[in-house]
Amino acid sequence: MLVYPSGVDVSSSALRFLSARLRQHRRARGTRWRRLSAGRQALLALAHLRNGQPYAQLAAGFGVGTTTVYRYVTEAVELLAALAPTLAEAVRAASTKAYLLLDGTLLPIDRIAADRPFYSGKHKKHGMNVQVIADPNGRLPWASPALAGAVHDVRAAREHGIIDALAEAGIDCWADNDYQGSGGTVRHPYRGRWDKLSAGQQAVNRSHAKIRALVEQAVATLKSWRLLRKLRCSTTRITSLVQAVLTLHLASST
């Protein structure tokens, strides 16, 4: 396999953050020697998450075996996922915000047509449902664990406890029509054909659309990590990958 120099468009603060955590982990385990230093392991994990490069390519580039790459990436992802904020922590941190934005996104997966629980009728593809919370500026403070793609957004929000958490905190939340009937403090636009809505309802819907449009920035932030654009791993690992990406994003944006 040919090897060539490449780059990863991730801030150096994310690399320093992950390197420090890996060094702490190695000291705690009493690890004496590894094929790669903590800094190189961190770079390997970032290249996998950000660029979505397969293990074989990373193994060739870093001069190690594919099994070693798998172990190093898994170790880094598990460390990062454990540091991701919980919903309660995210809501508490956002308590000073005027409101929050809520939306669901589908992370495509490599599945066959027979895997019906993972098929999203809305998106017409197989994937995993992830709920995303954004602040009024479109920043990403929290992303949910992944559920099967067939799960509707409002059901996913209820299962994760998002509706109740926001209601208990008294935080208004703006969402789209997929959250109709959710209750609590969630606001959604009027439903119905545009020409059937009154002038007042149309004005409300226009204002609502402008406010919640910024949630797309948070979704784009999540999917800027290219591994999440087409996942080919076991669905049981996807939650850890999402939480790891969230931790790296928060670490590099503070």
Side-chain angles (χ1 to χ4, degrees), residues 10-11 14 17-18 21 45-46 48-50 52 76-95 97 99-109 118 120 122-123 127-166 169 171 173-176 178-179 182 186 212-231 233-254:
V10 178
S11 70
F17 176 83
L18 180 52
R21 298 302 176 278
L46 289 176
H48 178 65
L49 293 170
R50 188 67 169 187
V77 166
E78 290 177 352
L79 281 175
L80 291 168
L83 298 172
T86 65
L87 175 61
E89 291 170 342
V91 170
R92 187 162 54 250
S95 60
K97 306 291 184 182
Y99 57 87
L100 292 176
L101 308 170
L102 174 64
D103 199 8
T105 188
L106 188 80
L107 302 182
I109 60 174
F118 300 100
S120 168
K122 175 182 176 181
H123 298 276
M128 300 294 285
N129 180 303
V130 172
Q131 298 294 297
V132 174
I133 288 179
D135 69 11
N137 295 312
R139 291 188 291 259
L140 173 68
W142 185 79
S144 76
L147 296 176
V151 177
H152 195 271
D153 281 339
V154 68
R155 177 185 160 193
R158 286 175 176 149
E159 286 194 22
H160 295 309
I162 299 172
I163 309 299
D164 291 340
L166 294 174
I171 302 175
C173 177
W174 299 75
D176 61 19
D178 288 337
Y179 297 88
S182 56
V186 177
R212 68 166 300 276
L214 286 175
V215 74
E216 297 300 332
Q217 291 186 18
V219 173
T221 295
L222 194 65
K223 292 188 176 181
S224 66
W225 297 79
R226 298 175 188 89
L227 182 71
L228 301 183
R229 297 179 188 176
K230 185 66 173 181
L231 289 153
C233 62
S234 168
T235 55
T236 59
R237 295 186 58 217
I238 294 177
T239 290
S240 294
L241 291 171
V242 172
Q243 300 301 303
V245 165
L246 175 64
T247 298
L248 286 170
H249 165 69
L250 295 175
S252 60
S253 60
T254 54

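No hydrogens, no waters, no symmetry mates; every other heavy atom, side chains included, goes into these values.
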Which value, rounded to the nearest 0.5 Å, describes the distance between [X] atom [atom1] and [Y] atom [atom2]?
X: Leu231; Y: Arg237; atom1: CG; atom2: CZ; result: 9.5 Å
X: Ser144; Y: Ile133; atom1: OG; atom2: CD1; result: 8.5 Å
X: Tyr179; Y: Leu102; atom1: OH; atom2: CG; result: 4.0 Å
X: Cys173; Y: Asp103; atom1: SG; atom2: CG; result: 9.5 Å
X: Gln243; Y: Thr86; atom1: CD; atom2: OG1; result: 10.0 Å
X: Leu248; Y: Leu18; atom1: CG; atom2: CG; result: 6.0 Å

If you take all heavy atoms of [X] and [Y], which pair is closest and at what distance?
X: Ala218; Y: Ala134; answer: CB-CB, 3.6 Å
X: Asp135; Y: Leu100; answer: CA-CD2, 4.0 Å
X: Ala143; Y: Val130; answer: CB-CG1, 4.2 Å
X: Asn129; Y: Ala148; answer: CB-O, 3.8 Å
X: Val91; Y: Ala165; answer: CG1-O, 4.0 Å
X: Val154; Y: Asp178; answer: CB-O, 3.4 Å

I'd like to know if the side chain of [X] and the backbone of [Y] have a donor-acceptor N/O pair within less than 3.5 Å.
X: Thr239; Y: Ala146; result: yes
X: Asn137; Y: Arg139; result: no
X: Ser252; Y: Ala14; result: no

For [X], give me all partners under side chain to side chain contact (heavy atoms under 4.5 Å, CB included), at least two apart in sequence or on another chain.
X: Glu78; answer: Thr74
X: Leu106; answer: Ser120, His123, Lys125
X: Ser95; answer: none
X: Ala82; answer: none

Checklist entry - Between Val10, Leu227, Leu228, which is the residue that forms a side-chain contact (heavy atoms from CB on, under 4.5 Å) with Leu49? => result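 Going through Val10, Leu227, Leu228 one by one, the side-chain contact (heavy atoms from CB on, under 4.5 Å) with Leu49 is satisfied by Leu227 alone.
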Item to check | Step-by-step side-chain contact (heavy atoms from CB on, under 4.5 Å) determination, Asp153 to Lys122 | outcome: CA-CA 10 Å; Asp153 281 339; Lys122 175 182 176 181; 3.9 Å; yes
Report yes if some heavy atom in the side chain of [X] is under 4.5 Å from a heavy atom in the side chain of [Y]; otherwise report no.
X: Ile162; Y: Trp142; answer: yes
X: Asp176; Y: Arg212; answer: yes
X: Met128; Y: Ile109; answer: yes

Item to check | Working for side-chain contact (heavy atoms from CB on, under 4.5 Å), residues Phe17 and Leu83 | outcome: CA-CA 11 Å; Phe17 176 83; Leu83 298 172; 3.9 Å; yes
Next on the checklist: Using the rule given for side-chain contact (heavy atoms from CB on, under 4.5 Å), can you reason through His160 versus Leu147, listing the C-alpha separation, both sets of side-chain angles and the distance that settles it, and then say yes or no?
Outcome noted: CA-CA 10 Å; His160 295 309; Leu147 296 176; 3.6 Å; yes
Next on the checklist: His249: which residues meet the ring pair (Phe, Tyr, Trp, His ring centres under 6.0 Å) condition with it, sequence neighbours left out?
Outcome noted: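 With sequence neighbours excluded, His249 shows a ring pair (Phe, Tyr, Trp, His ring centres under 6.0 Å) to no residue whatsoever.
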Next on the checklist: Walk me through whether Leu107 and Val242 qualify under side-chain contact (heavy atoms from CB on, under 4.5 Å).
Outcome noted: CA-CA 10 Å; Leu107 302 182; Val242 172; 3.6 Å; yes
Checklist entry - If you look only at pairs with a residue in residues 216-227, which of them pass as a salt bridge (Lys or Arg N to Asp or Glu O under 4.0 Å), with sequence neighbours excluded? => result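 For residues 216-227, and leaving out neighbouring residues, the salt bridge (Lys or Arg N to Asp or Glu O under 4.0 Å) pairs sorted by first residue read Asp9-Arg226.
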